[in-house]
Student: 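Dumping the structure here so I can ask a few things about it.
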Amino acid sequence: MDLSELERDNTGRCRLSSPVPAACRKEPCVLGVDEAGRGPVLGPMVYAICYCPLSHLADLEALKVADSKTLLESERERLFAKMEENRDFVGWALDVLSPNLISTSMLGRVKYNLNSLSHDTATGLIQYALDQGVNVTQVFVDTVGMPETYQARLQQSFPGIEVTVKAKADALYPVVSAASICAKVARDQAVKKWKFVEKLQDSDTDYGSGYPNDPKTKAWLKEHVEPVFGFPQFVRFSWRTAQTILEKEAEDVIWEDSTPEDQEGLRKITSYFLNEGSQAPPRTSHRYFLERGLEAATSL
């Protein structure tokens with residue numbers, strides 16, 4: 001999988017896709033949606049779709065695709081390679097959402113929670129397939145939140161398509177399994193090849209699974225928190241695990257443009273981007289760049 005576009009800029013979102021098979025423009029197609037990396041405090045979240053003509057669904061099943069969580073990394077890579085070898089009937093597309101985008105979305109003045117971000121990303125990918133000429137007639141989605149509500153929302157967005165949203169869809173429907181493999185392969189490669197904008201390429205990258213309850217991940221976070229400027233952008237600073245470490249390890253903050261009454265008790269660095277209270281004036285988002293730290297400090 002070519003992630004060179006993501007490597008050039010991993011601060012926002014990046015969409016990648018395969019060529020659309022000619023058969024998928026002519027014949028009715030089934031499309032699956034799944035994601036990888038929803039829970040980790042480190043790295044991007046990747047949403048993926050995979051699609052094929054209904055007449056080739058048995059061929060997709062014959063590739064032995066399965067829920068990516070049940071497969072070793074080498075098995076996922078092998079299965080993705082098989083899908084690439086069968087581009088005459090298999091197509092895929094994905095959105096890579098950076099940790100920075102996830103955090104700034106969730107912590108903005110207008111809150112945009114992870115479920116809404118997930119739903120909108122999945123909807124956008126389905127629409128992308130339609131815009132590329134894929135003749136989608138059936139969609140299967142691994143649910144986020146209540147499946148009935150999610151399904152009704154997608155059905156309203158795509159009234160001419162039969163939509164099914166279920167928990168564990170990646171284990172029930174091969175086309176969703178294929179999407180889960182695409183998403184996981186992309187996330188694994190993105191994490192391995194992550195280019196730190198803070199120029200931390202030579203730092204320790206043994207951060208474990210990236211999940212909040214992983215002791216190795218917690219240790220990495222504590223080691224790489226900067227007392228004034230916080231975490232590298234590889235970290236989802238909207239996650240409670242990251243916020244807790246900031247509250248313990250980061251410096252207290254005094255706002256020079258606040259009134260004396262507002263300064264009762266020093267405020268933590270997290271208040272800079274969490275909008276705690278109503279006294280702090282509008283500010284641009286805290287970027288958490290060590291590289292841009294001096295610039296940020298001199299602008300306060």
Side-chain angles (χ1 to χ4, degrees), residues 1 3 5-6 9-18 20 29-51 67-69 91-108 110-132 134 136 138-158 161 163-170 173 175-191 194 210 233-234 236-239:
M1 185 177 291
L3 297 182
E5 183 178 343
L6 174 66
D9 183 4
N10 60 16
T11 61
R13 69 193 307 160
C14 177
R15 179 169 289 171
L16 305 170
S17 64
S18 70
V20 177
C29 291
V30 59
L31 180 149
V33 184
D34 200 9
E35 53 76 26
R38 177 178 168 83
V41 66
L42 302 177
M45 178 172 71
V46 180
Y47 254 84
I49 58 172
C50 186
Y51 52 86
D67 174 7
S68 64
K69 294 186 292 295
W92 56 267
L94 53 85
D95 266 346
V96 182
L97 280 60
S98 72
N100 182 63
L101 182 144
I102 294 170
S103 293
T104 54
S105 295
M106 295 176 66
L107 297 177
V110 178
K111 303 303 179 186
Y112 189 27
N113 65 41
L114 192 61
N115 278 9
S116 295
L117 181 60
S118 298
H119 292 165
D120 290 345
T121 301
T123 301
L125 280 170
I126 297 170
Q127 186 61 54
Y128 174 76
L130 294 171
D131 292 344
Q132 295 300 303
V134 181
V136 181
Q138 295 181 26
V139 169
F140 294 91
V141 184
D142 195 21
T143 195
V144 171
M146 295 296 294
E148 298 82 7
T149 304
Y150 193 6
Q151 180 168 316
R153 175 178 174 175
L154 286 173
Q155 195 66 77
Q156 184 176 19
S157 297
F158 305 104
I161 297 174
V163 178
T164 300
V165 178
K166 283 193 176 183
K168 308 297 183 183
D170 48 0
Y173 307 105
V175 72
V176 183
S177 300
S180 75
I181 290 169
C182 293
K184 192 71 170 76
V185 167
R187 176 177 153 82
D188 287 348
Q189 291 188 13
V191 168
W194 191 261
Q233 278 199 3
F234 186 58
R236 300 180 191 178
F237 53 85
S238 56
W239 259 232

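This chain uses plain numbering: 1 for the first residue, then up along the sequence. None of the values given here were measured: they were computed from a predicted structure. Side chains are part of it too, since the values below use all heavy atoms of this structure and drop only hydrogens, waters and symmetry mates.
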Student: Does one side chain, of Y128 or D95, offer a donor that lies under 3.5 Å from an acceptor on the other?
Tutor: no
Student: Under a 4.5 Å cut-off applied to non-hydrogen side-chain atoms, are Q151 and V141 in contact?
Tutor: no
Student: Roughly how far apart are L130 CG and I161 CD1, rounded to 0.5 Å?
Tutor: 4.5 Å
Student: Is it true that K184 and D67 have a side-chain N and a carboxylate O under 4.0 angstrom from each other?
Tutor: no
Student: How many angstroms lie between atom CG of L6 and atom OG1 of T11, to the nearest 0.5 angstrom?
Tutor: 9.5 Å
Student: Might you point out which heavy atoms bring W92 and Y51 nearest each other, and give the distance in Å?
Tutor: N-CE2, 3.7 Å
Student: Under 3.5 Å, is there a donor on one side chain and an acceptor on the other for T164 and Y173?
Tutor: no
Student: Which atom pair, heavy atoms only, marks the closest approach of C50 to V175?
Tutor: O-CG2, 3.2 Å
Student: Which atoms form the tightest heavy-atom contact between V144 and H119, and what is the distance?
Tutor: O-NE2, 2.9 Å
Student: According to side-chain contact (heavy atoms from CB on, under 4.5 Å), who are the partners of T143, at least two apart in sequence or on a separate chain?
Tutor: P147, Y150, V165, A167
Student: What closest approach, in Å, do P99 and Q233 show between heavy atoms, and which atom pair accounts for it?
Tutor: CB-O, 3.2 Å
Student: Just jot down the side-chain hydrogen bond (donor to acceptor under 3.5 Å, both in side chains) partners of S18, sequence neighbours excluded, or say none.
Tutor: none
Student: To the nearest 0.5 Å, what is the distance between CG on D170 and CD1 on I181?
Tutor: 10.0 Å
Student: A48: what forms a side-chain contact (heavy atoms from CB on, under 4.5 Å) with it, not counting sequence neighbours?
Tutor: L94, C182, A183
Student: Measure the CG-NZ distance between D142 and K166 for me, rounded to the nearest 0.5 Å.
Tutor: 12.0 Å
Student: Any side-chain heavy-atom pair from K69 and S180 closer than 4.5 angstrom?
Tutor: no
Student: Could you tell me which non-hydrogen atom of Q155 sits nearest to which non-hydrogen atom of V163, and how far apart they are?
Tutor: OE1-N, 3.3 Å
Student: Between CD of Q127 and CD of Q132, what distance do you get to the nearest 0.5 Å?
Tutor: 10.5 Å
Student: Minimum heavy-atom separation for V46 and A186, please, with both atom names.
Tutor: CG1-CB, 4.0 Å
Student: Counting distance only, does the side-chain N/O of S116 pair as donor-acceptor with the main-chain N or O of Y112 below 3.5 Å?
Tutor: no
Student: Any side-chain to backbone donor/acceptor pair from S98 onto P44? Under 3.5 Å, distance only.
Tutor: no
